[in-house]
Q: 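Pasting a structure below so you can have a look.
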Amino acid sequence: RAKTLGGNRSERYDESLEVQLMRRSMLTAELPGADRRGELDLLYQPIVAVGDRRPVAVEALLRWRHPQLGTVNPEEFVPIAEAAGLIDEIGGWVLHQACRRVATWRADDRPVQVAVNLSAVQLREPDFVAQVAAVLDAYEVPPEALIVEAGEADVVADVPAAVRTLGGLRELGVRVALDDFGTGHSALTYLRRLPVDILKADRALIAEPVSPGAPAAPLAEIVVRLGERLGMSVVAEGVETAEQVAALAAAGCGYAQGYLFGRPMPVEHVEAFFDLHSDGVPRVIGPSTVE
Ligand code: C2E
Ligand code: MG
Ligand code: MG
Ligand code: MG
């Protein structure tokens with residue numbers, strides 16, 4: 001293979017592979033204790049109501065501030081944490097931080113919900129529901145102030161575990177969101193029996209190319225109709241343009257999130273965003289009462 005590629009190309013390929021492997025082993029070696037060393041950070045991205053563009057919730061998005069490598073994104077280090085058996089600890093840190101934060105916001109008259117992303121490992125954890133109950137209790141967070149987001153692919157990979165964990169969380173009164181919905185992992189088959197309150201329509205559904213004269217975001221519209229039929233709220237992810245918002249509004253989509261409204265931002269910025277744009281009226285995504 002080296003011969004057909006030619007010596008130089010092959011060498012360069014080996015070098016970059018080596019760099020990748022070194023980076024991965026460095027991250028694997030240094031991830032333990034990152035939470036205790038203060039290297040983990042949560043950014044918060046607003047989720048707004050499409051009707052009046054007011055913020056209703058914020059999604060907590062994890063970053064690792066590595067002392068040498070700079071910011072490492074969750075798509076790179078969450079799989080490493082899962083493989084190394086560290087995701088329970090890191091996920092616990094995220095849950096504590098997010099709940100502590102939402103408790104202070106609500107005490108300061110910022111009636112916001114916080115959304116936390118779950119790993120596939122947490123979904124399978126038998127005592128995860130009890131962990132969440134304990135954290136809500138510790139910070140005196142009302143359960144409807146917490147949204148848990150489970151990825152469609154993770155749910156489909158183990159439907160019984162997802163039903164058990166998400167069902168238990170929902171019984172607590174926590175809101176459950178199906179993340180990255182519509183990315184081809186076919187939760188559609190299971191949707192009627194999944195304990196889900198919120199469909200998060202993946203960015204790919206919103207950003208699909210539109211031919212001239214064709215209706216914008218037809219796939220988003222289908223997700224909205226589906227949500228209506230199943231009694232689920234819909235959040236459109238990755239909204240970047242005014243045209244997309246107009247199409248979402250026309251489709252009757254309840255909520256949206258994306259760079260157009262606000263990027264994932266540090267605590268002080270998201271507080272300022274909230275103070276600027278909220279009317280202070282408490283609202284929740286998902287049913288306001290749980291049967
Ligand atoms: P996600 O939950 O689907 O989060 C949305 C991702 O899209 C975020 O990437 C966000 O920064 C990005 N995004 C938001 N608006 C826009 C937009 O308008 N345009 C574009 N191009 N991108 C947008 P991020 O923060 O890099 O997170 C990536 C994924 O990592 C998340 O996808 C989630 O699956 C996972 N993740 C993040 N935080 C955690 C965590 O605390 N625990 C676990 N287990 N996974 C996490
Ligand atoms: Mg998410
Ligand atoms: Mg998502
Ligand atoms: Mg996504």
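Counting starts at 1 for both ligands and their atoms, following the listed order. Keep in mind that what you see is a predicted model, and the values were worked out from it rather than measured.
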Q: Using a 4.0 Å heavy-atom cut-off, which part of Asp180 comes near ligand 1: side chain, backbone, both, or neither?
A: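 Near ligand 1, Asp180 shows its side chain, while the N, CA, C and O stay back.
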Q: Do His269 and Tyr44 have ring centres separated by under 6.0 Å?
A: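 No: the rings miss the under 6.0 Å criterion.
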Q: Counting heavy atoms only, which part of Leu118 comes closer than 4.0 Å to ligand 1: side chain, backbone, both or neither?
A: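 It is the backbone that touches ligand 1; the side chain stays farther off.
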Q: Is there a donor-acceptor contact under 3.5 Å from the side chain of Asn73 to the main chain of Glu76?
A: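 No, because the side chain of Asn73 does not come within donor-acceptor range (under 3.5 Å) of the backbone of Glu76.
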Q: Which atoms of ligand 1 have any heavy atom of Gly258 under 4.0 Å away?
A: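 Contacts of ligand 1 toward Gly258, numbered from 1: 15 (N), 18 (O).
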Q: Determine yes or no for a side-chain-to-main-chain donor-acceptor pair under 3.5 angstrom, with Gln113 supplying the side chain and Ile285 the backbone.
A: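 Yes, Gln113 side chain to Ile285 backbone: donor-acceptor pair under 3.5 Å.
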Q: I'd like the name of whichever of Glu75, Lys200, Gln45, Arg63 reaches closest to atom 28 (C) of ligand 1 through any heavy atom.
A: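 Closest candidate by heavy-atom distance is Glu75.
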Q: Of all the atoms in ligand 1, which lie at a distance below 4.0 Å from a heavy atom belonging to Val94?
A: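 Under 4.0 Å from Val94, ligand 1 has these atoms: 41 (O).
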Q: Any pair with a residue in residues 226-236 that passes side chain to side chain donor-acceptor pair (under 3.5 Å), sequence neighbours left out, goes on the list, sorted by first then second residue, please.
A: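 Listed once each, the pairs are Arg225-Glu228.
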Q: Spell out, as yes or no, whether a donor-acceptor pair under 3.5 Å connects the side chain of Glu237 to the backbone of Gln257.
A: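 Here the side-chain-to-backbone pair does not exist.
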Q: Is the closest side-chain heavy-atom distance between Met26 and His66 below 4.5 Å?
A: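 Of all side-chain heavy-atom pairs linking His66 with Met26, at least one is under 4.5 Å.
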Q: Does Glu149 bring an N, O or S atom to within less than 2.8 Å of the Mg ion (ligand 2)?
A: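 It does: Glu149 brings an N, O or S atom closer than 2.8 Å to the Mg ion (ligand 2).
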Q: Quick one: does Leu62 get an N or O within less than 3.5 Å of an N or O on ligand 1?
A: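 Such a contact does occur with ligand 1.
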Q: Write the atom name of the N, O or S atom in Glu59 that is nearest the Mg ion (ligand 2).
A: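 Looking at Glu59, the N, O or S atom with the least distance to the Mg ion (ligand 2) is OE2.
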Q: For ligand 1, which part of Gln257 has a heavy atom less than 4.0 Å away: the side chain, the backbone, both, or neither?
A: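 The answer is neither; Gln257 stays 4.0 Å or more away.
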Q: Check each of Val121, Asn117, Asn73 against atom 45 (N) of ligand 1 and report the one with the nearest heavy atom.
A: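 Going through Val121, Asn117, Asn73 one by one, Asn117 has the nearest heavy atom to atom 45 (N) of ligand 1.
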Q: Compare Glu240, Gln244, Arg263 and give the one whose heavy atom is closest to atom 17 (C) of ligand 1.
A: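 The residue whose heavy atom sits nearest atom 17 (C) of ligand 1 is Glu240.
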Q: Judged by non-hydrogen atoms, does Pro264 sit under 4.0 Å from ligand 1?
A: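 Yes; Pro264 lies near enough to ligand 1 that a heavy-atom distance drops under 4.0 Å.
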Q: Thr183 side chain to Asp180 main-chain N or O, any donor-acceptor pair under 3.5 Å?
A: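 Judged by distance alone, yes, a pair lies under 3.5 Å.
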Q: Kindly say whether Glu240 contributes a backbone atom to a donor-acceptor pair with the side chain of Gln244 at under 3.5 angstrom?
A: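 Side chain of Gln244 to backbone of Glu240: a pair is present.
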Q: For Asp275, enumerate each residue passing the salt bridge (Lys or Arg N to Asp or Glu O under 4.0 Å) test, keeping only those at least two apart in sequence or located in another chain.
A: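 Only Arg110 meet the salt bridge (Lys or Arg N to Asp or Glu O under 4.0 Å) criterion with Asp275.
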Q: Looking at non-hydrogen atoms alone, which of Val116, Asp154, Leu61, Leu40 comes nearest to atom 4 (O) of ligand 1?
A: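 Of the listed residues, Leu61 has the closest heavy atom.
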Q: Heavy-atom distance under 4.5 Å between the side chains of Met232 and Ile198, does that happen here?
A: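 The answer is no, as the side chains (C-beta and beyond) never meet within the 4.5 Å cut-off.
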Q: Take Arg175 and Asp197 through the salt bridge (charged side-chain N to carboxylate O under 4.0 Å, His left out) test and state the conclusion after the steps.
A: CA-CA 6 Å; Arg175 300 297 182 263; Asp197 304 298; 5.2 Å; no
Q: Give the atoms of ligand 1, by number and element, whose distance to some non-hydrogen atom of Val239 is under 4.0 Å.
A: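 Within the 4.0 Å cut-off of Val239, ligand 1 contributes 18 (O).
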Q: Quick check: of its N, O or S atoms, which one does Asp179 have closest to the Mg ion (ligand 2)?
A: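 Asp179's closest N, O or S atom to the Mg ion (ligand 2) is named OD2.
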Q: Could you tell me whether the side chain of Leu248 reaches within less than 4.5 Å of the side chain of Val239, counting heavy atoms only?
A: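 Val239 reaches Leu248 side chain to side chain.
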Q: Taking a cutoff of less than 4.0 Å between a non-hydrogen atom of the residue and any ligand atom, is Gly91 in contact with ligand 1?
A: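 False for this residue.
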Q: Restricting to N/O/S atoms, is Glu237 within less than 2.8 Å of the Mg ion (ligand 2) or not?
A: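 Here the distance criterion (N, O or S atom, under 2.8 Å) is not met by Glu237, so no.
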Q: Of all the N, O or S atoms in Asp180, which has the shortest distance to the Mg ion (ligand 3)?
A: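 Closest to the Mg ion (ligand 3) among those atoms: OD1.
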Q: As an exercise, identify every atom of ligand 1 less than 4.0 angstrom from a heavy atom of Ser119.
A: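 Counting from 1, the qualifying ligand atoms are 44 (N).
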